[in-house]
**Q** 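Sharing a structure with you now.
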Amino acid sequence: MVEDQKSEVKQDESWSVTANRDSLTREPARAALMLRLGAAVNLIRATQRWTLYCKDVPGPVGQRDLICSFLVAAAYLKEAIDGLLKPHYREIVQLAREDGAPEEAIMDLGQLMSTKPQNLYARLLVNARNKLVFHWTDEAFRHWAEHHPDQAVLWARGTGDTDGEVAFTSSQTAILDSLIPGVGDEEIRSRVEETAGASGLLVGIFQRAIHGYLTGYIKDDAQDGESS
């Protein structure tokens, strides 16, 4: 989860995991899947750091960055569920179990994949990924513009004269209204935490699966070293 990112490893506490080339060539399909899981973990963890960094930054730009990190996290979470977890569920779970993943966490994956209307996937992830993050489809923005209730429209807010310190407020509000109608600051932060928790669950299982896969090769390497 996002909270995990608060503790940073000191330089003299760095570590690495190294395995023989067999870890890439003996089971090429499974090795490719582990590399894909690692890519997903990298992206989601980086987005979590982004969220953590900007969640307490004041002003319109801090709000802009928090919302954008939240949207990107939701989109990558959906990609990871659709492209990795669903088609490779049995294999991922088996490896994660072998590495000691808690059964409660594995059971929670079922809720994460559920397409029931009340669950996160249907409520948030589908719309965020398909319409608002990677495509900016016309429908959501046109709908917001047509139903804007006030005569005044706050298009942008900023600080000073630096372009990077500008937030296009109406665009941001249109996205949020499409995703979470009638959204307020408290609701935004609640959704940020919900998405962060789901992301933490998923990448935790992915990391367990990768480690479970590599354990066999690391043991093989150790045995090779003893026999040589």
Side-chain angles (χ1 to χ4, degrees), residues 2 39-40 42-86 111-200 202-203:
V2 171
N42 286 344
L43 286 166
I44 292 173
R45 289 295 190 199
T47 305
Q48 289 177 324
R49 281 182 176 269
W50 181 14
T51 300
L52 181 64
Y53 173 78
C54 64
K55 71 174 186 175
D56 295 320
V57 176
V61 171
Q63 183 79 340
R64 177 199 68 187
D65 290 354
L66 179 65
I67 290 169
C68 287
S69 72
F70 155 64
L71 291 171
V72 170
Y76 276 131
L77 181 56
K78 181 182 181 296
E79 288 293 294
I81 291 170
D82 289 350
L84 295 170
L85 182 61
K86 285 184 177 180
Q111 292 296 315
L112 196 55
M113 293 188 296
S114 173
T115 58
K116 292 181 179 179
Q118 69 270 24
N119 288 335
L120 179 67
Y121 187 93
R123 282 191 292 107
L124 189 68
L125 303 186
V126 172
N127 199 26
R129 164 61 179 85
N130 293 349
K131 296 183 178 181
L132 303 175
V133 179
F134 297 141
H135 301 296
W136 301 300
T137 55
D138 179 77
E139 177 186 356
F141 299 95
R142 186 183 294 272
H143 181 273
W144 182 83
E146 290 174 353
H147 293 83
H148 183 66
D150 302 323
Q151 291 300 311
V153 181
L154 179 61
W155 275 91
R157 296 172 63 203
T159 303
D161 57 1
T162 304
D163 287 346
E165 296 301 308
V166 174
F168 286 94
T169 311
S170 289
S171 301
Q172 181 174 289
T173 305
I175 285 177
L176 288 173
D177 188 69
S178 176
L179 202 59
I180 318 165
V183 67
D185 287 348
E186 186 175 339
E187 184 72 11
I188 292 171
R189 293 191 176 273
S190 174
R191 292 294 175 264
V192 167
E193 290 299 323
E194 183 181 20
T195 303
S199 297
L202 188 70
V203 297

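Every value quoted in this text rests on a predicted model; they were computed, and no experiment measured them.
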**Q** Got a second to check how far Ile175's CD1 is from Trp136's CH2, nearest 0.5 Å?
**A** 8.5 Å
**Q** When rounded to the nearest 0.5 angstrom, what is the spacing between CD in Gln63 and CZ in Arg157?
**A** 8.5 Å
**Q** Should Glu194 and Arg123 be marked as a side chain to side chain contact (heavy atoms under 4.5 Å, CB included) after you check the CA-CA gap, both sets of side-chain angles, and the distance that decides it?
**A** CA-CA 12 Å; Glu194 183 181 20; Arg123 282 191 292 107; 2.4 Å; yes
**Q** Suppose the criterion is salt bridge (Lys or Arg N to Asp or Glu O under 4.0 Å): which pairs have a residue in residues 58-70, not counting sequence neighbours?
**A** none
**Q** What is the distance from atom CD1 of Ile81 to atom CG of Leu202, rounded to the nearest 0.5 Å?
**A** 6.0 Å
**Q** More than 12 heavy atoms of other residues, nucleotides or ligands under 6.0 Å from CZ of Phe141: yes or no?
**A** yes
**Q** Check this for me: His143, atom NE2, are more than 12 non-hydrogen atoms of other residues, nucleotides or ligands nearer than 6.0 Å?
**A** no
**Q** Once you round to the nearest 0.5 Å, how far does CH2 of Trp144 lie from OG1 of Thr173?
**A** 5.5 Å
**Q** How close do Ala40 and Leu84 get, heavy atom to heavy atom, and via which atoms?
**A**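 Between these two residues, the closest heavy atoms are CB-CD1, 3.7 Å.
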**Q** Of all heavy-atom pairs between Ser69 and Thr47, which one has the smallest distance, and what is that distance?
**A**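 The answer is O-CG2, 3.4 Å.
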**Q** Should Val126 and Tyr121 be marked as a side chain to side chain contact (heavy atoms under 4.5 Å, CB included) after you check the CA-CA gap, both sets of side-chain angles, and the distance that decides it?
**A** CA-CA 6 Å; Val126 172; Tyr121 187 93; 3.3 Å; yes
**Q** What is the distance from atom CZ of Arg45 to atom CG of Leu52, rounded to the nearest 0.5 Å?
**A** 12.0 Å
**Q** Between Ala73 and Ser199, which heavy-atom pair has the shortest distance, and what is it?
**A**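 The answer is O-OG, 4.4 Å.
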**Q** For a quick test of reading the model, state the closest non-hydrogen atom pair linking Ala122 to Pro117 and the distance between them.
**A**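 Nearest heavy atoms, Ala122 then Pro117: CB-CA, 4.0 Å.
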**Q** I need the minimum non-hydrogen distance between His148 and Ala152, along with the two atoms involved.
**A**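 What the structure gives for the nearest pair is NE2-O, 3.1 Å.
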**Q** Please round to the nearest 0.5 Å and tell me the distance separating atom CD1 of Ile44 and atom CZ of Arg49.
**A**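 The CD1 atom of Ile44 sits 14.5 Å away from the CZ atom of Arg49.
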**Q** Assess whether side chain to side chain contact (heavy atoms under 4.5 Å, CB included) is satisfied between Cys68 and Trp50, documenting all intermediate values.
**A** CA-CA 9 Å; Cys68 287; Trp50 181 14; 4.0 Å; yes
**Q** Please determine if Arg142 and Glu139 form a salt bridge, counting it only when a charged side-chain N lies under 4.0 Å from a carboxylate O.
**A** no
**Q** Show, in sequence, the C-alpha distance, side-chain angles and deciding distance for Leu120 and Leu77, and conclude whether the side chain to side chain contact (heavy atoms under 4.5 Å, CB included) test is met.
**A** CA-CA 11 Å; Leu120 179 67; Leu77 181 56; 4.1 Å; yes
**Q** Which pair of non-hydrogen atoms, one from Val57 and one from Tyr53, has the smallest distance, and what is that distance?
**A** CG2-O, 3.6 Å
